[in-house]
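Here is the structure we will look at, set down as C-alpha cells.
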Number of protein chains: 2
Amino acid sequence: MASHGVRGRSGGRPTLRDVAARAGVGRGTVSRVINGSPRVSDGTRAAVEAAIAELGFVPNTAARALAANRAGAIALVVPEPETRFFAEPYFSEMLSGVGAELSDAELQLLLIFAGSDRERRRLAQYLAAHLVDGVLLVSVHADDPLPDLVTQLGIPAVISGPRSATEALTSVDSDNYGGGRSAVEHLLARGRRKIAHITGRLDVYGAQRRLDGYREALLDAGRTADELLVEPGHFTEEGGRRAMTRLLEREPGLDAVFAGSDVMAAAACQVLREAGRRIPDDVALVGYDDSAIARHMEPPLTSVRQPIDEMGRAMIALLLAEIADRRPAASRGLERRHVVLRTELVPRASS
Amino acid sequence: MASHGVRGRSGGRPTLRDVAARAGVGRGTVSRVINGSPRVSDGTRAAVEAAIAELGFVPNTAARALAANRAGAIALVVPEPETRFFAEPYFSEMLSGVGAELSDAELQLLLIFAGSDRERRRLAQYLAAHLVDGVLLVSVHADDPLPDLVTQLGIPAVISGPRSATEALTSVDSDNYGGGRSAVEHLLARGRRKIAHITGRLDVYGAQRRLDGYREALLDAGRTADELLVEPGHFTEEGGRRAMTRLLEREPGLDAVFAGSDVMAAAACQVLREAGRRIPDDVALVGYDDSAIARHMEPPLTSVRQPIDEMGRAMIALLLAEIADRRPAASRGLERRHVVLRTELVPRASS
DNA sequence: ATCACCGGTGGGAGCGCTCCCACAGTACCT
DNA sequence: AGGTACTGTGGGAGCGCTCCCACCGGTGAT
C-alpha cells in the first residue's frame with residue numbers, strides 16, 4: 001500500500017483536493033469556487049459548496065500566498081512610539097474605521113510601530129520581504145524617509161495626511177483649509193472682531209492648511225489677517241500654553257482664539273482663566289479634532305470634527321484599488337488619487 | 001532556450017536556490033544555514049552567508065510556512081472591544097513587554113480584538129485555519145468560552161490572569177494575594193485600625209485573591225476581618241463611587257480604604273472628599289495597578305504595582321516553550337506551568 | 001454541413017521552502 | 001583489513017494552493 005497522497009501532514013485538515021474528490025469535480029473548479037470566479041455553473045458551485053461545508057474546509061493561507069505570490073496582509077504603519085499611539089484617540093478611531101472597511105476583504109491587518117530606529121530597520125526588512133501587499137501610512141512628518149522607501153520598493157501605499165500639496169503617494173485627508181475657515185467664520189458670525197490663531201507644527205501640511213483657512217476667511221470678510229495674532233503652538237500642551245501667554249501679552253484686546261488642536265485649546269483655556277478672562281464671555285475659544293477633551297472641558301469646547309473613521313475607510317478602499325491596479329502594471333505613476341473629506345464644526349458653549 | 005527555472009515570478013527576488021548556486025552548495029545546506037542548524041561547517045556557513053548578503057536574500061515566509069506547516073505568527077487576543085483596549089494603560093504596557101520579548105524570535109505578532117460576536121466568529125475561523133502558532137489571552141473573564149476553544153483546537157496558549165486556582169492553561173499572573181496583603185500591612189503599619197476594602201468583580205480570580213490577601217493580613221494581625229467593611233466595586237468608576245458611599249453610611253468610623261483598582265480608588269477619593277473627609281488625615285487610601293491615575297491624583301495615590309511588562313515577557317517565553325514542546329507531542333496535559341510575579345507597594349501621600 | 005467561438009471544466013506545472021534519505025568522507029574501533 | 005559511527009552535504013519529494021493551457025460540447029454565423 002503506497003501511503004502516497006493519502007492525506008497531508010497539516011494536522012489532518014482537509015485540502016482542496018479532498019473537496020474536489022468529495023464533490024466529484026476537478027481541483028481547478030474548487031479553486032474557482034472559493035475565489036468567486038464567475039466561470040462556474042450554478043449546479044457545480046452548489047455541489048462544491050456543499051462539500052466544503054461537509055468537510056469544514058478552510059483554505060491554507062500559506063499555500064495560497066505562495067502560489068499566488070501575494071501576502072494576504074496589509075500593514076498600518078505608525079511612525080511613532082507605541083505610547084503616543086495609545087495616548088492619541090486619533091489612532092484608535094482610525095483603526096476602527098480601517099478594521100470596519102477591511103473586514104470584508106480577506107486581508108490581515110498588521111499594526112506596525114516604527115518609532116525607534118530599531119523598529120524602523122525591522123520595518124524596512126519586513127517590507128523588503130514583501131510580507132505585506134500594501135501599506136497604510138499615518139501621521140507622517142514632512143521629512144520622514146518612510147514614504148520614499150515604500151515608493152522605492154514598489155509597494156502600494158496610501159498616506160493619511162499628505163506631506164505637501166504635491167504629495168506623490170495616494171492620499172486621504174480631511175479638509176484642513178475648510179476646517180480653518182469654518183472656525184473663523186463661526187467666530188465672526190458670533191460677532192468676534194479680534195481672532196487669534198494658535199497653529200500646530202507648520203512642517204505638518206495640515207497645520208499649514210488650517211492657517212491658510214484662517215487667513216483667507218479673515219481676508220474674505222474684509223479684514224486684514226494680522227500676523228501678530230498668529231502664534232505657533234507645536235500641537236503640544238506646553239506649546240499651547242506658551243503661545244496663549246505670548247498672545248495675551250502682545251494682543252490683550254483679543255476676543256477669540258482658534259487653536260489648531262483641542263489639546264492646545266485646553267492649555268489656552270487654562271492660561272486665559274488664570275489671566276482672569278471668562279470663556280466665552282470675554283474670549284471665545286474654538287479647538288480642532290473634536291476629541292474627548294473637547295467634550296469634557298469646562299465649558300465644553302467648540303471644535304472642528306474630522307471624520308477619522310471615514311478616513312480610515314477611505315484609505316482601505318484606495319489601497320485595495322492600488323493593489324488591484326498593480327497586477328496589470330499598466331499606467332502607473334501618472335494619475336494619483338487624493339481624497340479629501342469634509343470637516344464639520346461642532347458648536348459648544350465655549351464660543 | 002527553455003525559460004524553465006530561470007527566475008521565479010516573485011518580483012525578481014532571489015530564492016534559496018539562487019543562494020545555493022552562488023555559494024556553490026546544495027539547497028539543503030542553505031536551508032540549514034538560515035535555520036541555524038549546527039550541522040554545517042564553519043567554512044560553508046561563511047560562504048553561504050556571504051552569498052545571502054550579496055544577493056540580499058530574504059526567505060519567503062509563505063513558502064516556509066507551507067513547507068514547515070507552521071504559521072510564523074502568534075496572536076494576542078483581547079476579548080474586549082477596541083475602545084477599552086485603548087483606554088486601559090494595562091494593555092499598552094503588556095503589548096510593549098510582549099513586543100520586547102518577541103523581537104528576537106522571528107514571529108509576527110497579531111493583535112486581535114474579540115469584543116463583539118462578529119469578531120469572535122472571525123477569530124474562531126482564524127484559529128481553525130491555524131493561521132497562528134500560538135495564542136496569548138489577556139483579560140479573560142471566568143465564563144469566557146475562548147480558552148476552551150483554544151484548548152480544543154490544540155493551539156498552544158498562555159493566559160495572563162488564570163480564571164481559577166485550577167487553571168488548565170499555562171498562565172502568568174501577578175501575586176494578587178500578596179498585593180492585597182501588602183496594602184493592608186502597609187495601612188496597619190501606619191496605625192490604621194478600621195480598614196475597608198472595595199473589591200473588583202469577584203468572578204475575576206485576581207480580584208478574589210486580593211480580597212483573600214486583605215482578609216488574611218487582617219487575621220494574621222490578630223483582628224477579625226469584618227465583612228461589613230467589604231463592598232464590591234466591579235472595577236468601574238461608578239461601582240467605586242457607590243461602594244464608597246455605602247461603606248461610609250455603614251461604617252462612618254473607617255479610617256482607611258484599600259481599593260481593588262486605581263479607578264475605584266479615584267472614585268472613592270471623590271466621595272470621601274464630598275463627605276468632608278481629608279486624605280490621608282482622616283482616611284488613608286490605597287489603590288491597585290499603579291497606573292497614571294495614581295500618580296496624577298491629588299494627593300498622589302499609594303498603589304500596588306504589577307509588573308505588567310514583565311508579565312508580557314513571561315507570557316512570550318512560556319508560549320515559545322509551549323510551541324517548541326508541541327513537536328515531540330510528548331507528555332502533554334500533565335505538568336502545566338504557572339508563573340506568578342511579585343507585586344510591589346508604591347507609597348505616596350494618600351496613606 | 002463547416003467553422004469559429006465561448007462557457008465550463010480538468011489537471012499539469014509550478015510557487016520557494018523544509019524534511020529526510022542517501023551518500024561521501026573521516027575517525028575509531030575490533 | 002573490515003566493520004561501525006558520525007559529520008557534513010546534496011537533492012528528491014513533497015506542502016496546498018493558483019495559474020493557465022487544453023479540451024469538450026453546444027451555439028450561431030457562413
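Below, chains carry the letters A, B, ... as their sequence lines are ordered, and counting in each starts from 1. All values below were derived from every heavy atom in this structure, side-chain atoms included, with hydrogens, water molecules and symmetry-related copies excluded.
- Distance CG (B:Asp42) to P (D:dG8): 9 Å, rounded to an integer number of Å.
- Note on A:Thr61: nothing from the nucleic acid sits closer than 4.0 angstrom, heavy atoms only.
- Between B:Arg32 atom CZ and C:dT18 atom P the separation is 11 Å, expressed in whole Å.
- The distance from atom CG of B:Asn60 to atom C1' of D:dC15 is 13 Å, rounded to the nearest whole Å.
- The base of D:dG16 lies outside donor-acceptor range of the side chain of A:Arg13, with no N or O pair under 3.5 Å.
- Axis angle, first five pairs versus last five pairs of the helix from C:dA1-D:dT30 to C:dT30-D:dA1: 40°, rounded to 10°.
- The side-chain hydrogen bond (donor to acceptor under 3.5 Å, both in side chains) check on A:Thr61 picks up nothing, with sequence neighbours excluded.
- Computed from coordinates, the A:Arg39 CZ to D:dG25 P distance equals 19 Å when rounded to whole Å.
- One can place CG of A:Asn69 at 12 Å from P of C:dC17, the figure rounded to the nearest angstrom.
- In the interface, the side chain of A:Arg17 is not paired with the base of C:dG11 through any donor and acceptor atom under 3.5 Å apart.
- Atom CG of A:Leu16 and atom P of C:dG14 are 19 Å apart (whole Å).
- At least one side-chain nitrogen or oxygen of B:Ser41 sits closer than 4.0 Å to the OP1 or OP2 atom of D:dT9.
- Following rounding to the nearest Å, B:Arg27 (CZ) and D:dG14 (C1') show an atom-to-atom distance of 11 Å.
- With sequence neighbours excluded, the residues that form a side-chain contact (heavy atoms from CB on, under 4.5 Å) with B:Ala51 are B:Val19, B:Arg22, B:Ala23.
- When heavy atoms are screened at a 4.0 angstrom cut-off, A:Arg64 is found touching the sugar-phosphate backbone but no base atom.
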